[in-house]
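We use all heavy atoms of the structure for the numbers below, so side chains are in, but hydrogens, waters and symmetry mates are not.
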Amino acid sequence: MGFAILIAIIVIIYKVIDFSVGYNRYKASNYYQSTNNSYLSVYFDKGLNGEYSLYQYLQPFESMGCKFLFNLYVPRNNGKTSEIDVIMFHPKGLFVIESKNYSGWIFGNESNKQWTQTLPVGRGRSHKERFYNPIMQNATHIRAIRKYIDDTIPIHSVIAFSDNCTLKDVTVKSNVIVTYYSDLLREIKYKLSEINNYSMTPELLNETYNKLSQYANADEYTKFQHINNSR
């Protein structure tokens, strides 16, 4: 057997083992229990993969009594829906998280409607893509859920970018958290350390979770309507 073939076989075995370990870890996670997304869909879908990666970084909060909801389609007053990636329910408030599984360089200002993603295309050239300001996007999400929960509950906005990208020039002056997946745990812990005047009772936390959980695990028609209304 040639050396190259042996290396190829070892690589394949390693990938199979890695896939199997990842599959078992995924099936045991609360993310799977909440979403019922198949491991293959999470493995190959960029958006779902980023969402699951984000959850893995936040998983330590579960030991603190936090709960999570994913992929909520929350009705708005205009008949449309807001698609919310992740909500973390903490005694000190709700953290509404917009996940951006992007690569390249990211440029944006909190006050600008459009942000820019710059991607290399080879030979020193680059390609620019515009995307809607995620801070404004998440503000819409927060307005959508506000009408369904107790007015006293604080809601914190978080924009989380994949570590595959670089926040090259991003200007934020408000209390919105804009960070990388890998820094989420630290950033949210710091935010929590600043909140000393509020604590949700376990009863209110569970009540709020149950109210919003009806908008998770949306059917295909709801997802289709959301996409159609977003055009």
Query raised in the report: With sequence neighbours left out, what residues match Tyr57 under ring-ring contact (aromatic ring centres under 6.0 Å, His included)?
Result: none

Report task. Compare every heavy atom of Gly79 with every heavy atom of Asn229, then report the nearest pair and how far apart it is. Result -> ND2-O, 4.2 Å

Query raised in the report: Are any side-chain N or O atoms of Asn49 and backbone N or O atoms of Val42, one a donor and one an acceptor, separated by less than 3.5 Å?
Result: yes

Query raised in the report: Would a hydrophobic clustering, with Ile, Leu, Val, Met, Phe, Trp and Tyr connected at side-chain separations under 4.5 Å, put Leu69 with Met200?
Result: yes

Report summary line: Sequence neighbours excluded, the answer for side-chain hydrogen bond (donor to acceptor under 3.5 Å, both in side chains) partners of Thr166 is none

Query - Listed partners of Tyr102 passing side-chain hydrogen bond (donor to acceptor under 3.5 Å, both in side chains), at least two apart - result: none

**Report entry** Closest approach of Ala160 to Leu184 (non-hydrogen atoms, all atoms of both residues)
**Finding:** CB-CD1, 3.9 Å

Query raised in the report: Heavy-atom count around Asn77 CG within 6.0 Å, excluding the residue itself: above 12?
Result: no

Report summary line: Cluster membership besides Met136, Ile/Leu/Val/Met/Phe/Trp/Tyr side chains within less than 4.5 angstrom, sorted by chain and number, is Tyr132

**Report entry** Pairs satisfying salt bridge (Lys or Arg N to Asp or Glu O under 4.0 Å), at least one member in residues 28-56, at least two apart
**Finding:** none

Report task. For the pair Thr179 and Ile188, evaluate side-chain contact (heavy atoms from CB on, under 4.5 Å) and give the outcome as yes or no after the intermediate values. Result -> CA-CA 10 Å; Thr179 189; Ile188 292 179; over 6 Å; no

Requested in this report: Measure across Ile106 and Cys165 and return the closest heavy-atom pair with its distance rounded to 0.1 Å.
Outcome: CG1-SG, 3.9 Å

Please table the atom pairs, donor to acceptor, closer than 3.5 Å between any side-chain atom in residues 89-98 and protein atoms at least two apart or in another chain.
unit_1: His90; atom_1: ND1; unit_2: Lys92; atom_2: N; d: 2.9
unit_1: Lys92; atom_1: NZ; unit_2: Leu192; atom_2: O; d: 3.0
unit_1: Lys92; atom_1: NZ; unit_2: Ile195; atom_2: O; d: 2.7
unit_1: Glu98; atom_1: OE2; unit_2: Lys100; atom_2: NZ; d: 3.2
unit_1: Glu98; atom_1: OE2; unit_2: Gln137; atom_2: NE2; d: 3.4

Report task. Go through the steps for Ile153 and Tyr198 under the test side-chain contact (heavy atoms from CB on, under 4.5 Å), then give the verdict. Result -> CA-CA 8 Å; Ile153 299 174; Tyr198 182 85; 3.5 Å; yes

Query raised in the report: Quick one: are Leu212 and Ile84 in side-chain contact, heavy atoms under 4.5 Å?
Result: no

Report task. Sorted by first residue and then second, give each ring-ring contact (aromatic ring centres under 6.0 Å, His included) pair with at least one member in residues 157-192; sequence neighbours left out. Result -> none

**Report entry** Of all pairs that satisfy salt bridge (Lys or Arg N to Asp or Glu O under 4.0 Å), the ones with a partner from residues 54-63, not counting sequence neighbours
**Finding:** none

Report task. Rounded to the nearest 0.5 Å, what's the gap from NE2 on His156 to CG on Asn175? Could you check? Result -> 9.5 Å

Report task. I would like to know whether Thr222 and Gln225 meet side-chain contact (heavy atoms from CB on, under 4.5 Å); could you show each step before the answer? Result -> CA-CA 5 Å; Thr222 300; Gln225 286 294 98; 5.8 Å; no

Query raised in the report: Nearest 0.5 Å, what's the CD1-CD1 distance between Ile135 and Ile177?
Result: 11.5 Å

Query raised in the report: How about Tyr215 and Thr81: do any of their side-chain heavy atoms sit closer than 4.5 Å?
Result: no

Query raised in the report: Hey, any chance Val158 and Val170 share a hydrophobic cluster, counting ILVMFWY side chains that come within less than 4.5 Å of each other, even indirectly?
Result: no

Requested in this report: For Thr35, check side-chain hydrogen bond (donor to acceptor under 3.5 Å, both in side chains) against everything at least two apart and list the hits.
Outcome: Asn37

Query raised in the report: Does Phe107 sit in a hydrophobic cluster with other residues, and if so which ones, taking ILVMFWY side chains as linked at heavy-atom separations under 4.5 Å, directly or through other members?
Result: Trp105

**Report entry** Side chain to side chain, Tyr26 and Tyr31, heavy atoms closer than 4.5 Å
**Finding:** yes

Query raised in the report: Is any side-chain heavy atom of Thr171 closer than 4.5 Å to a side-chain heavy atom of Glu110?
Result: no

**Report entry** Derivation of the side-chain contact (heavy atoms from CB on, under 4.5 Å) call for Asn101 and Ser53
**Finding:** CA-CA 9 Å; Asn101 192 14; Ser53 296; over 6 Å; no

Requested in this report: Drop me the distance from Asp163's CG to Ser182's OG, to the nearest 0.5 angstrom.
Outcome: 3.5 Å

Query - Phe131 vs Gln117 side-chain heavy atoms within contact, under 4.5 Å - result: yes

Query raised in the report: Atom SG in Cys66, atom OH in Tyr209: separation rounded to 0.5 Å?
Result: 12.0 Å

Query raised in the report: Which value, rounded to the nearest 0.5 Å, describes the distance between Arg76 atom CZ and Arg143 atom CZ?
Result: 8.0 Å

Requested in this report: Would you sort out whether Asn206 and Lys67 count as a side chain to side chain donor-acceptor pair (under 3.5 Å), showing the intermediate values?
Outcome: CA-CA 9 Å; Asn206 288 329; Lys67 293 186 175 184; 2.8 Å; yes

Report task. Before giving the answer on side chain to side chain donor-acceptor pair (under 3.5 Å), spell out for Arg130 and Thr116 the whole-Å C-alpha distance, their side-chain angles and the decisive distance to 0.1 Å. Result -> CA-CA 5 Å; Arg130 305 288 183 185; Thr116 303; 2.3 Å; yes

Report summary line: Between the CD atom in Gln33 and the CZ atom in Phe68, the distance rounded to the nearest 0.5 Å is 14.5 Å

Query raised in the report: Which residue pairs pass the salt bridge (Lys or Arg N to Asp or Glu O under 4.0 Å) test when at least one of the two sits in residues 184-207, sequence neighbours left out?
Result: Asp183-Arg186, Glu207-Lys211

Query raised in the report: Do you know which two heavy atoms are closest between Phe70 and Val86, and how far apart they sit?
Result: CD2-CG2, 3.8 Å

Report summary line: Minimal heavy-atom distance between Ala218 and Tyr73, with the atoms involved, is CB-CD1, 3.5 Å

Query raised in the report: Do Ile155 and Ile149 touch side chain to side chain, with heavy atoms closer than 4.5 Å?
Result: yes

Requested in this report: Would you name the heavy atoms of Ser63 and Pro60 that are closest together and state the gap between them?
Outcome: OG-O, 2.7 Å

**Report entry** Side-chain heavy atoms of Thr208 within contact of Asp150, under 4.5 Å
**Finding:** no

Query raised in the report: Mind checking what makes salt bridge (Lys or Arg N to Asp or Glu O under 4.0 Å) contact with Asp169, not counting sequence neighbours?
Result: none

Query - Any donor-acceptor pair under 3.5 Å from His226 side chain to Ser82 backbone - result: no

Query raised in the report: Side chains of Ser29 and Tyr55: does their closest heavy-atom pair fall under 4.5 Å?
Result: yes

Query raised in the report: Should Leu185 and Tyr52 be counted in the same cluster of Ile, Leu, Val, Met, Phe, Trp and Tyr side chains packed under 4.5 Å apart?
Result: yes

Requested in this report: Indicate yes or no for a side-chain donor-acceptor contact from Asn133 to the backbone of Trp115 under 3.5 Å, with no hydrogens or angles considered.
Outcome: no

